[in-house]
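The structure appears right after this line, and notes come after that.
Computation of the quantities below employed the complete heavy-atom set of this structure, encompassing side-chain atoms and omitting hydrogens, waters and symmetry-equivalent molecules.
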Amino acid sequence: MTGNDILLWDETLFKDPSVLEPDYLPEYFPHRESQLNGLRFALKPALRGMRPLNCLLVGPPGTGKTSAVMKVFGEVEAHATGVVTVKVNCQIDSTRFAVMSRIYRKLFGISPPNSGIAFRKIFEAVVNFLVSSEKILLVALDDLNYLCYEGHANEVMYSLLRAHEQYPGTKIGVIGIVNDASDLYCLDSRVNSVFLPEDIPFPRYESAEILDILKDRVKYGFYPKVISDELLELVVSYVEQTGDLRVGIDLLKRSGFNAERRGSRTISSEDVEKAYEASKLLHLCRGISLLSGPEKHLLELIAKKGEIQAGELYKSFHELTQLGYTRFYGIVNKLQVLNYIDADFTGKGQRGRTRIIKTKFRAEDVLNCLKKD
Ligand SMILES: Nc1ncnc2c1ncn2[C@@H]1O[C@H](COP(=O)(O)OP(=O)(O)OP(=O)(O)O)[C@@H](O)[C@H]1O
Ligand SMILES: [Mg+2]
């Protein structure tokens, strides 16, 4: 190793660190042309003063759903002064009051008075503003399933989608974002009969697509030659296991930190491997954070035991949540479909065949994610 290989204390491998931050909205956004066009098509009527089509974006974590909406919202706001866009993170704003307050803040630039004001008052202020200023509102409800857990999804959707019936002239388009179409189980028929969204699927990225996207981040995020092509392939192989791009971007950032910590000008395979221990949790924790309360309880019970018989698990689950067997069975199936658990029939129980349920991830990782939540 020559002196040149060693970083001086104030030197860095990162040309533009913001490129590797999770909330960075990249200029180059490939492999999502059809999804972007689907969104543009649905929202285009708003540019001509008409009510847009509603949309539903469905896809697993880290497939570009939120970013795609932010890109198209940016385009719409740049072209149409008569359209207001609002993105609501339902994980944070999970009641109808919080959702409407978020919209209010975007329209008026200030928070609504919070001392005991009724939802209806805020809603009326929003709608009256839209009608009198002839503006069209586009609302993206990101991680919409969170409104289901708190029981607010129907009220929120109903208020937004049927506003024009009560307040003629109101034009509102709703974009729902979820990981799985089954996350919308809680919507009732009154909502479904007016939501009628354009479905826009976001499939997992394939390895060539992941490579293409990460190459761009490497180009702008790091100085030249910080990471070799071979190591970038290693990063891609890690990302491919889940298709979650967030893991790839985080992995690049942490690998860079690890190399800097060693004072090296280049990232080594050990830097990547060490970083993966932390980055892989990002995917798991994001997925777990999206589960409902009872789903998290059940996963925790399984993780604490490592391996447990279905009957015994149901008993503990029922004691904890008071929920019955049908819900229990539904949640076991969901956790299995999402690949968090194995639930195979094995051997013989006291009364014939029995299911043994175990976590697919390291129990300690699952419990760490649940704790962070
Ligand atoms: N086609 C793409 N080109 C460039 N970057 C992308 C692309 N798709 C996703 N990304 C990046 O991957 C990360 C995850 O994307 P995003 O947050 O939009 O995913 P998501 O589908 O909303 O995930 P989640 O369901 O977990 O919320 C972001 O940093 C985003 O910039
Ligand atoms: Mg998202």
Side-chain angles (χ1 to χ4, degrees), residues 39 42-57 66 69-70 72-74 76-178 184 186-198:
L39 265 168
L43 304 185
K44 199 170 173 182
L47 274 61
R48 283 176 280 139
M50 295 158 75
R51 186 171 303 117
L53 303 173
N54 301 312
C55 303
L56 183 63
L57 279 49
T66 303
V69 168
M70 295 319 287
V72 174
F73 272 9
V76 169
E77 291 219 326
H79 284 98
T81 49
V83 184
V84 184
T85 66
V86 184
K87 190 200 77 162
V88 181
N89 180 344
C90 299
Q91 206 167 353
I92 294 169
D93 296 322
S94 60
T95 66
R96 66 173 185 165
F97 189 87
V99 170
M100 206 48 73
S101 299
R102 179 71 57 186
I103 296 171
Y104 185 104
R105 275 202 287 283
K106 177 73 188 263
L107 293 181
F108 300 107
I110 51 163
S111 297
N114 54 8
S115 50
I117 186 169
F119 166 79
R120 183 135 297 277
K121 276 255 156 44
I122 307 181
F123 183 55
E124 275 175 4
V126 163
V127 170
N128 287 335
F129 174 83
L130 293 175
V131 174
S132 63
S133 61
E134 294 186 3
K135 284 198 191 291
I136 297 176
L137 176 65
L138 300 178
V139 185
L141 298 173
D142 201 355
D143 297 327
L144 173 55
N145 44 309
Y146 272 88
L147 296 180
C148 287
Y149 309 151
E150 306 271 342
H152 292 268
N154 286 308
E155 288 170 329
V156 170
M157 296 288 275
Y158 202 75
S159 308
L160 294 171
L161 295 166
R162 306 202 90 149
H164 60 278
E165 293 175 6
Q166 250 186 316
Y167 305 92
T170 316
K171 291 171 187 155
I172 300 177
V174 174
I175 298 156
I177 306 177
V178 290
L184 293 178
C186 73
L187 295 184
D188 67 24
S189 56
R190 293 178 317 158
V191 169
N192 282 326
S193 67
V194 280
F195 186 33
L196 303 174
E198 297 283 304

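In this structure the side chain of N145 reaches within 4.5 angstrom of the side chain of D143, judged on heavy atoms. F97 is not listed as a side-chain neighbour of H152, based on a closest heavy-atom distance of 4.5 Å or more. Counting heavy atoms from C-beta on, the side chains of V84 and I103 never come closer than 4.5 Å. Side-chain atoms of L187 and N154, non-hydrogen and from C-beta on, do get closer than 4.5 Å to each other. Side-chain atoms of L147 and R96, non-hydrogen and from C-beta on, never get closer than 4.5 Å to each other. The shortest distance between side-chain heavy atoms of V88 and V156 does not fall below 4.5 Å. Here the side chains of T85 and L43 are not in contact, with every heavy-atom distance at 4.5 Å or above. When side chains are defined from C-beta on, L39 counts as touching V69, because their heavy atoms get closer than 4.5 Å.
Between the OG atom of S101 and the CZ atom of F123 there is a distance of 13.0 Å, given to the nearest 0.5 Å. Summarising the geometry, atom OG1 belonging to T66 is positioned 8.0 Å from atom CG belonging to N89; distances are rounded to the nearest 0.5 Å. With rounding to the nearest 0.5 angstrom, the CZ atom of F195 is 7.0 Å from the CG atom of L184.
Here the shortest heavy-atom pairing between K171 and M50 reads CD-C, 4.3 Å. Closest approach of G176 to L144, counting heavy atoms only: CA-CD2, 4.0 Å.
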Go through the steps for I175 and K87 under the test side-chain contact (heavy atoms from CB on, under 4.5 Å), then give the verdict.
-> CA-CA 9 Å; I175 298 156; K87 190 200 77 162; over 6 Å; no

Derivation of the salt bridge (charged side-chain N to carboxylate O under 4.0 Å, His left out) call for K106 and E77 | CA-CA 13 Å; K106 177 73 188 263; E77 291 219 326; 3.5 Å; yes

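Judged purely by atom type and a 3.5 angstrom limit, S94 has no side-chain atom pairing as donor or acceptor with the backbone of Q91. A donor-acceptor pair under 3.5 Å is formed between the side chain of D188 and the backbone N or O of V191. In terms of modelled atom types and a separation under 3.5 Å, the side chain of N54 and the main chain of V174 share a donor-acceptor contact.
Under 4.0 Å is where a charged nitrogen must lie from a carboxylate oxygen, and between E165 and R190 no such pair does.
Taking the six-membered ring where tryptophan is involved, the planes of F108 and Y104 are tilted, since the angle between them lies from 30° to 60°.
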Determine all donor-acceptor pairs shorter than 3.5 Å in which one atom belongs to a side chain in residues 133-141; sequence neighbours excluded.
from : atom 1 : to   : atom 2 : distance (Å)
S133 : OG     : F129 : O      : 2.6
K135 : NZ     : T81  : O      : 3.1

